[in-house]
Amino acid sequence: MRKFIPILGLVLTILWMLLIFYFSSKTSNEVDAEKIGLLRFVVNIFHGDKFNTYSELKKQQILNDYSFYLSKTAHFIEYGILCFFCYLMLIHLKKYRINYIISLVICIFYAISDEYHQTFSSGRTPRVEDVIIDSMGALTMLVIIELIMTIVFIVKVGKKHD
(Lines give C-alpha, C1' and ligand atoms only; values in the text may rest on other atoms or scores of the structure.)
Protein backbone atom coordinates (compact mmCIF):
# COMPACT_ATOMS: atom_id res chain seq x y z
CA MET A 1 0.00 0.00 0.00
CA ARG A 2 2.83 2.42 0.84
CA LYS A 3 4.30 2.12 -2.68
CA PHE A 4 0.90 2.70 -4.26
CA ILE A 5 0.35 6.16 -2.72
CA PRO A 6 3.30 7.90 -4.49
CA ILE A 7 2.28 6.36 -7.82
CA LEU A 8 -1.31 7.48 -7.31
CA GLY A 9 -0.01 10.92 -6.35
CA LEU A 10 2.08 11.09 -9.53
CA VAL A 11 -0.85 10.11 -11.73
CA LEU A 12 -3.21 12.57 -10.01
CA THR A 13 -0.59 15.35 -10.18
CA ILE A 14 -0.11 14.88 -13.91
CA LEU A 15 -3.86 14.69 -14.57
CA TRP A 16 -4.52 17.80 -12.46
CA MET A 17 -1.73 19.71 -14.23
CA LEU A 18 -3.27 18.76 -17.58
CA LEU A 19 -6.66 20.00 -16.37
CA ILE A 20 -5.14 23.32 -15.27
CA PHE A 21 -3.36 23.55 -18.63
CA TYR A 22 -6.66 22.92 -20.42
CA PHE A 23 -8.43 25.68 -18.47
CA SER A 24 -5.63 28.18 -19.09
CA SER A 25 -5.85 27.41 -22.83
CA LYS A 26 -9.37 28.82 -23.00
CA THR A 27 -9.99 32.30 -24.36
CA SER A 28 -11.42 34.99 -22.10
CA ASN A 29 -14.79 34.67 -23.89
CA GLU A 30 -14.90 30.92 -23.20
CA VAL A 31 -14.01 31.46 -19.55
CA ASP A 32 -16.67 34.16 -19.18
CA ALA A 33 -19.30 31.94 -20.82
CA GLU A 34 -18.52 29.10 -18.40
CA LYS A 35 -18.60 31.43 -15.40
CA ILE A 36 -22.12 32.72 -16.12
CA GLY A 37 -23.92 29.61 -14.87
CA LEU A 38 -21.87 29.45 -11.70
CA LEU A 39 -22.28 33.19 -11.14
CA ARG A 40 -26.06 32.89 -11.40
CA PHE A 41 -26.00 30.07 -8.88
CA VAL A 42 -23.87 32.08 -6.40
CA VAL A 43 -25.93 35.25 -6.86
CA ASN A 44 -29.11 33.27 -6.28
CA ILE A 45 -27.71 31.92 -3.00
CA PHE A 46 -26.85 35.37 -1.66
CA HIS A 47 -29.54 37.54 -3.23
CA GLY A 48 -32.37 35.22 -4.32
CA ASP A 49 -35.33 36.88 -5.99
CA LYS A 50 -34.21 40.34 -4.78
CA PHE A 51 -31.55 40.37 -7.51
CA ASN A 52 -34.18 40.95 -10.21
CA THR A 53 -35.40 44.08 -8.44
CA TYR A 54 -31.98 45.78 -8.53
CA SER A 55 -31.05 48.40 -11.10
CA GLU A 56 -28.98 47.24 -14.09
CA LEU A 57 -25.97 49.13 -12.74
CA LYS A 58 -26.22 47.40 -9.35
CA LYS A 59 -26.72 44.01 -11.01
CA GLN A 60 -23.61 44.50 -13.12
CA GLN A 61 -21.56 45.60 -10.09
CA ILE A 62 -22.67 42.54 -8.12
CA LEU A 63 -21.83 40.22 -11.03
CA ASN A 64 -18.41 41.84 -11.46
CA ASP A 65 -17.66 41.50 -7.75
CA TYR A 66 -18.72 37.85 -7.59
CA SER A 67 -16.87 37.10 -10.83
CA PHE A 68 -13.63 38.43 -9.35
CA TYR A 69 -13.97 36.48 -6.11
CA LEU A 70 -15.09 33.33 -7.92
CA SER A 71 -12.03 33.47 -10.18
CA LYS A 72 -9.59 34.02 -7.32
CA THR A 73 -11.21 31.30 -5.21
CA ALA A 74 -10.87 28.88 -8.13
CA HIS A 75 -7.15 29.69 -8.39
CA PHE A 76 -6.70 29.14 -4.64
CA ILE A 77 -8.56 25.82 -4.59
CA GLU A 78 -7.07 24.36 -7.78
CA TYR A 79 -3.52 24.90 -6.52
CA GLY A 80 -4.41 23.59 -3.07
CA ILE A 81 -5.56 20.39 -4.74
CA LEU A 82 -2.43 20.29 -6.92
CA CYS A 83 -0.28 20.65 -3.80
CA PHE A 84 -2.12 17.79 -2.10
CA PHE A 85 -1.46 15.53 -5.09
CA CYS A 86 2.22 16.59 -5.14
CA TYR A 87 2.43 15.81 -1.42
CA LEU A 88 1.04 12.32 -2.04
CA MET A 89 3.58 11.83 -4.84
CA LEU A 90 6.42 12.81 -2.48
CA ILE A 91 5.05 11.31 0.74
CA HIS A 92 8.06 9.02 1.16
CA LEU A 93 10.47 12.02 1.40
CA LYS A 94 9.88 12.83 5.06
CA LYS A 95 13.33 13.87 6.24
CA TYR A 96 13.43 17.61 7.02
CA ARG A 97 9.91 17.93 5.59
CA ILE A 98 11.45 18.00 2.11
CA ASN A 99 8.16 16.71 0.68
CA TYR A 100 6.46 19.93 1.83
CA ILE A 101 9.15 22.12 0.28
CA ILE A 102 9.27 20.30 -3.05
CA SER A 103 5.46 20.21 -3.27
CA LEU A 104 5.29 23.97 -2.73
CA VAL A 105 8.09 24.66 -5.23
CA ILE A 106 6.39 22.51 -7.89
CA CYS A 107 3.14 24.42 -7.38
CA ILE A 108 4.82 27.84 -7.53
CA PHE A 109 6.71 27.02 -10.71
CA TYR A 110 3.61 25.51 -12.28
CA ALA A 111 1.62 28.63 -11.37
CA ILE A 112 4.24 30.80 -13.05
CA SER A 113 4.25 28.61 -16.16
CA ASP A 114 0.43 28.59 -16.18
CA GLU A 115 0.29 32.38 -16.15
CA TYR A 116 2.82 32.48 -19.00
CA HIS A 117 0.77 29.90 -20.90
CA GLN A 118 -2.28 32.17 -20.68
CA THR A 119 -0.49 34.77 -22.81
CA PHE A 120 -1.14 32.49 -25.79
CA SER A 121 -4.92 32.51 -25.21
CA SER A 122 -6.97 35.34 -26.69
CA GLY A 123 -7.97 37.97 -24.13
CA ARG A 124 -6.01 36.37 -21.29
CA THR A 125 -3.12 38.06 -19.52
CA PRO A 126 -0.65 36.81 -16.91
CA ARG A 127 -1.07 38.25 -13.42
CA VAL A 128 1.40 38.18 -10.57
CA GLU A 129 -1.53 38.30 -8.14
CA ASP A 130 -2.76 34.97 -9.52
CA VAL A 131 0.63 33.35 -8.90
CA ILE A 132 0.51 34.68 -5.33
CA ILE A 133 -3.04 33.36 -4.82
CA ASP A 134 -2.04 30.00 -6.33
CA SER A 135 0.96 29.84 -3.99
CA MET A 136 -1.19 30.71 -0.99
CA GLY A 137 -3.62 27.92 -1.94
CA ALA A 138 -0.73 25.46 -2.05
CA LEU A 139 0.74 26.71 1.23
CA THR A 140 -2.65 26.55 2.93
CA MET A 141 -3.03 22.94 1.83
CA LEU A 142 0.35 22.10 3.37
CA VAL A 143 -0.70 23.71 6.65
CA ILE A 144 -3.94 21.69 6.59
CA ILE A 145 -1.99 18.48 5.88
CA GLU A 146 0.40 19.20 8.76
CA LEU A 147 -2.48 19.93 11.14
CA ILE A 148 -4.25 16.72 10.18
CA MET A 149 -1.05 14.68 10.46
CA THR A 150 -0.33 16.17 13.89
CA ILE A 151 -3.85 15.50 15.15
CA VAL A 152 -3.79 11.92 13.86
CA PHE A 153 -0.41 11.32 15.46
CA ILE A 154 -1.49 12.80 18.80
CA VAL A 155 -4.60 10.64 18.82
CA LYS A 156 -2.66 7.49 17.87
CA VAL A 157 0.47 7.92 19.97
CA GLY A 158 -0.30 10.68 22.39
CA LYS A 159 2.40 13.12 21.35
CA LYS A 160 3.40 15.41 18.46
CA HIS A 161 5.02 13.71 15.45
CA ASP A 162 8.43 14.56 13.98
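Quantities reported herein were computed from a predicted structural model and do not represent experimental measurements.
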| message | Do Y66 and H47 make a side-chain contact, defined as non-hydrogen atoms from C-beta onward lying under 4.5 Å apart? | response | yes
| remark: Taken to the nearest 0.5 Å, the spacing of L88 CG from I7 CD1 works out to 12.5 Å
List the atom pairs, with distances to 0.1 Å, where a side-chain N or O of residues 131-139 and a protein N or O form a donor-acceptor pair under 3.5 Å, not counting sequence neighbours.
from, atom 1, to, atom 2, distance (Å)
D134, OD1, H75, ND1, 2.8
S135, OG, V131, O, 2.8

Distance-only criterion, 3.5 Å: show the donor-acceptor pairs between side-chain atoms of residues 20-30 and protein atoms not counting sequence neighbours.
from, atom 1, to, atom 2, distance (Å)
Y22, OH, K26, NZ, 3.0
S24, OG, I20, O, 3.4
S24, OG, F21, O, 3.1
S24, OG, D114, OD1, 2.8
S24, OG, H117, ND1, 2.6
S25, OG, F21, O, 2.8
S25, OG, H117, NE2, 3.4
K26, NZ, E34, OE2, 2.7
T27, OG1, E30, N, 3.3
T27, OG1, E30, OE1, 3.4
E30, OE1, T27, N, 2.8

| request: Answer with yes or no whether the hydrophobic clustering places L70 together with F76; edges join I, L, V, M, F, W, Y residues whose side-chain heavy atoms lie under 4.5 Å apart. | output: no
| Hey, mind stepping through Q118 and R127 against side chain to side chain contact (heavy atoms under 4.5 Å, CB included) and telling me if it holds? | CA-CA 10 Å; Q118 287 182 19; R127 297 176 194 261; over 6 Å; no
| Does some side-chain heavy atom of I144 sit less than 4.5 Å from a side-chain heavy atom of I148? | yes
| task | Please report the closest heavy-atom contact between I81 and M141, naming both atoms and the distance. | result | N-CE, 4.5 Å
| Closest approach of K59 to Y54 (non-hydrogen atoms, all atoms of both residues) | CE-O, 3.4 Å
| In terms of hydrophobic clusters joined by side-chain contacts under 4.5 Å, are Y116 and V31 together? | no
| Same cluster for L12 and I77 if Ile/Leu/Val/Met/Phe/Trp/Tyr side chains link at under 4.5 Å? | yes
| task | Would you give the length of the straight line joining atom SG of C86 to atom CG of L104, rounded to the nearest 0.5 angstrom? | result | 9.5 Å
| field | Test item: H92 and P6 side chains (from C-beta on) under 4.5 Å apart, heavy atoms | value | yes
| query | Atom CD1 of I45 and atom CZ of R40: how far apart are they, to the nearest 0.5 Å? | reply | 15.0 Å
| message | Whether the side chain of S113 engages the backbone of Y110 through a donor-acceptor N/O pair (distance < 3.5 Å, no angle test) should be reported. | response | yes
| remark: CD1 (I106) and OH (Y79) are apart, to the nearest 0.5 Å, by 12.5 Å
| said: Within the structure provided, determine whether F51 and I62 are in side-chain contact (heavy-atom separation under 4.5 Å). | reply: yes
| If two hydrophobic side chains count as joined below 4.5 Å and joins carry through other members, does M149 share a cluster with I91? | yes
| message | Taking CG in N52 as the centre, count heavy atoms belonging to other residues, nucleotides or ligands within less than 6.0 Å. Is the count above 12? | response | yes
| field | For the student: nearest non-hydrogen atoms of N99 and L90, plus distance | value | CB-O, 3.1 Å
| message | Count I, L, V, M, F, W, Y as connected when their side-chain heavy atoms are under 4.5 Å apart, and connections chain through other members. Are I98 and Y100 then in the same cluster? | response | yes
| said: Applying salt bridge (charged side-chain N to carboxylate O under 4.0 Å, His left out), can you list everything that pairs with K58, at least two apart in sequence or on another chain? | reply: none
| field | Gap separating the CG atom of L82 from the CE atom of M17, nearest 0.5 angstrom | value | 5.0 Å
| message | To the nearest 0.5 Å, what is the distance between CZ on R97 and CD on E146? | response | 4.5 Å
| query | Mind checking whether W16 and E78 have side chains closer than 4.5 Å, heavy atoms only? | reply | yes
